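Each ligand, and each atom within it, is numbered from 1 in the order the structure gives. Everything numeric in this text was worked out from a predicted model, so none of it was measured. Because only heavy atoms are used, hydrogens play no part in the values below, and waters and symmetry mates are left out as well, while side chains stay in.
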Amino acid sequence: MQPPPAGQTRTQICRWHHYASLAELSQSATRRIQQSARHAIGSKGRFSIVLAGGSTPRKVYELLRDADTDWSRWQVYFGDERCLPADHPERNSRMAAQAWLAHVAIPPAQIHIIPAELGPQRAAAAYAKVIESVAEFDLVLLGLGEDGHTASLFPGREWGAAPGSPPVLAVLDAPKPPPQRVSLSATRLSRAGAVMFLVSGAGKRQTVVDWRAGKSIPAVSIAPSGGVDVFSDVETNLP
Ligand code: 6PG
């Protein structure tokens, strides 16, 4: 096993779950999210979840519309956002609203959108205040880019993996458009009871191989004490 990325104190523990299709992956991930919500609501009366952007989680979000749960107990956060107008079709918050959040009874005050329309620095400062009171998220959902990025933590840029890193990063030059983004740091995303990566698409094969071989990609910087679960439909021929 390789050492963790620079400054990171904990090595990532990673459990891989392989599925034959995005549909199967999505059904399984949706069940896992519901289990996590049931457990948190049953034990402490509330459930905090951090949402992933990108296109892979859309199916999961659609399936969650039919979840049998007390929506009034959910607190929804976002792991990253693109600095675009609030109603822009490429906003992660808009995708989540269209696919899921606009269809269920979560009180609007419990859906904590990153105000990325304010620009990266102002939005990062504002969101740091929003998440300040959450010691640990119950569940964090993340995606994986073909270059190994997760949330808006990109190769060759700051990941916020070292202890003492700020909770929220202003991203000014992301290689994936738009260049201006806001992202929770690796340290903050790792303060979670559970972390699930949703990974789909043949174009991510080499990235998954690299990740499993211990290469230092941003996804490796997410290292909660309980490890991460990767739900993937990417065929690698690895056991
Ligand atoms: C974003 C993301 C990003 C995404 C991955 C995977 O805003 O783009 O949050 O980290 O999750 O790029 O995206 P896909 O699911 O579309 O492959």
Side-chain angles (χ1 to χ4, degrees), residues 19 21-26 29-30 33 49-64 76-101 112-117 120 123-124 127 131 137 139-161 168-186 188-190 192 195-208 210-211 217-222 228-235:
Y19 299 92
S21 65
L22 177 59
E24 284 181 28
L25 180 165
S26 302
T30 304
I33 294 166
I49 181 170
V50 176
L51 304 190
S55 56
T56 307
R58 177 183 287 275
K59 187 68 203 157
V60 170
Y61 295 166
E62 288 172 356
L63 290 169
L64 281 168
V76 178
Y77 299 88
F78 288 81
D80 73 323
E81 187 54 280
R82 305 161 180 193
C83 293
L84 298 167
D87 58 351
H88 193 283
E90 299 286 319
R91 281 277 297 241
N92 289 332
S93 52
R94 188 160 181 267
M95 187 281 274
Q98 282 184 333
W100 168 28
L101 302 173
H112 308 279
I113 291 171
I114 301 175
E117 64 282 3
Y127 210 59
I131 61 173
F137 298 115
L139 176 62
V140 170
L141 303 182
L142 289 167
L144 178 73
E146 291 180 15
D147 59 358
H149 77 257
T150 191
S152 286
L153 308 174
F154 291 91
R157 313 294 198 278
E158 180 58 50
W159 304 344
V168 189
L169 304 178
V171 180
L172 307 176
D173 60 349
K176 178 180 180 181
Q180 297 202 331
R181 292 163 168 260
V182 177
S183 186
L184 268 58
S185 63
R188 191 60 182 93
L189 289 165
S190 301
V195 173
M196 288 168 63
F197 281 85
L198 308 177
V199 180
S200 177
K204 296 176 186 171
R205 185 183 170 279
Q206 190 56 47
T207 321
V208 167
D210 288 346
W211 186 352
I217 58 172
V220 172
S221 68
I222 312 303
V228 306
D229 287 276
V230 186
F231 288 62
S232 166
D233 68 0
V234 179
E235 196 47 73

Asker: Identify, for atom 11 (O) of ligand 1, the protein heavy atom at the shortest distance, and state residue, atom and that distance.
Answerer: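 Looking only at protein heavy atoms, the one closest to atom 11 (O) of ligand 1 is G53 O, 3.3 Å.
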Asker: Taking E81 for its side chain and S93 for its backbone only, find out whether a donor-acceptor pair lies under 3.5 Å.
Answerer: yes
Asker: May I ask whether A151 places a heavy atom under 4.0 Å from ligand 1?
Answerer: yes
Asker: Relative to the heavy atoms of R82, which atoms of ligand 1 are at a distance of less than 4.0 Å?
Answerer: 1 (C), 7 (O), 8 (O)
Asker: Is there a donor-acceptor contact under 3.5 Å from the side chain of Y127 to the main chain of S183?
Answerer: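 No: the side chain of Y127 does not pair with the backbone of S183.
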Asker: What do the steps show when you test S26 against V60 for side chain to side chain contact (heavy atoms under 4.5 Å, CB included), and what is the final call?
Answerer: CA-CA 5 Å; S26 302; V60 170; 3.8 Å; yes
Asker: Give the atom numbers and elements of ligand 1 that come within less than 4.0 Å of a heavy atom of R181.
Answerer: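 The atoms of ligand 1 under 4.0 Å from a heavy atom of R181 are 1 (C), 7 (O), 8 (O).
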Asker: Can you tell me which residue and heavy atom of the protein come closest to atom 17 (O) of ligand 1, and the distance to 0.1 Å?
Answerer: K204 NZ, 2.6 Å
Asker: For ligand 1, which atoms sit closer than 4.0 Å to a heavy atom of G143?
Answerer: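 Checking each atom against G143, I get 11 (O).
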Asker: Assign the ring pair F231 / Y19 to parallel, tilted or perpendicular, where the plane angle (0 to 90°) is split at 30° and 60°.
Answerer: parallel
Asker: D80 to ligand 1: N or O pair under 3.5 Å?
Answerer: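 Yes, since at least one N or O of D80 sits under 3.5 Å from an N or O of ligand 1.
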Asker: Out of E146, H149, E81, whose heavy atom is nearest to atom 5 (C) of ligand 1?
Answerer: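 Closest candidate by heavy-atom distance is H149.
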Asker: Checking R188 side chain against I131 main chain: does a donor-acceptor pair fall under 3.5 Å?
Answerer: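 Judged by distance alone, yes, a pair lies under 3.5 Å.
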Asker: Return the residue, atom name and 0.1 Å-rounded distance of the protein heavy atom closest to atom 6 (C) of ligand 1.
Answerer: L144 O, 3.4 Å
Asker: Distance-only criterion, 3.5 Å: show the donor-acceptor pairs between side-chain atoms of residues 139-153 and protein atoms not counting sequence neighbours.
Answerer:
from, atom 1, to, atom 2, distance (Å)
D147, OD1, H149, N, 3.0
D147, OD1, H149, ND1, 2.6
T150, OG1, G143, O, 2.7
S152, OG, D80, OD2, 2.6
S152, OG, R181, NH1, 2.9

Asker: Applying a heavy-atom cut-off of 4.0 Å, say which part of A52 lies close to ligand 1: side chain, backbone, both or neither.
Answerer: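 None of A52 does.
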Asker: Looking at every heavy atom in both E158 and L169, which two are closest together, and how far apart are they?
Answerer: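 What the structure gives for the nearest pair is O-CD1, 3.7 Å.
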Asker: Which pair of heavy atoms, one from S185 and one from G160, lies closest together, and at what distance?
Answerer: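 Result for this residue pair: CB-O, 3.8 Å.
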Asker: Hey, which atoms in ligand 1 end up nearer than 4.0 Å to a heavy atom of N92?
Answerer: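 The atoms of ligand 1 under 4.0 Å from a heavy atom of N92 are 1 (C), 7 (O), 9 (O).
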Asker: Where's the contact between T56 and ligand 1, heavy-atom distance under 4.0 Å: side chain, backbone, both or neither?
Answerer: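 Looking at T56 and ligand 1, atoms from backbone and side chain both fall under 4.0 Å.
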